[in-house]
Amino acid sequence: MRRDIETQPDLIVFWADVQRSPGHAFYDKLQKLLSDAGSDRFVEDSCKAY
């Protein structure tokens, strides 16, 4: 039994080509709230000793 031999294309997906969802409104608002409150600086200063 003979098969026609064809090369299969590479099955590679690049991260930049993957479609992304717009996110969730709750997390967008939470991120803004935490950012406006300076939470990053607070956490960094709190954890600096460790």
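Everything numeric here is computed off the predicted structure, so don't read it as measured data. All values below come from the heavy atoms of this structure, side chains included, with hydrogens, waters and symmetry mates left out. Positions are given from 1 along the sequence.
- Contacts classified as salt bridge (Lys or Arg N to Asp or Glu O under 4.0 Å) and involving residues 7-23 (residues at least two apart or in different chains) are not found.
- Partners of Tyr27 under the ring-ring contact (aromatic ring centres under 6.0 Å, His included) rule, at least two apart in sequence or in another chain, are His24.
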Mind listing the side-chain donor-acceptor pairs of residues 35-50 below 3.5 Å, one per line with the distance, residues two or more places apart or on another chain?
from	atom 1	to	atom 2	distance (Å)
Asp36	OD2	Lys32	NZ	2.9
Ser39	OG	Leu34	O	3.0
Ser46	OG	Phe42	O	2.8

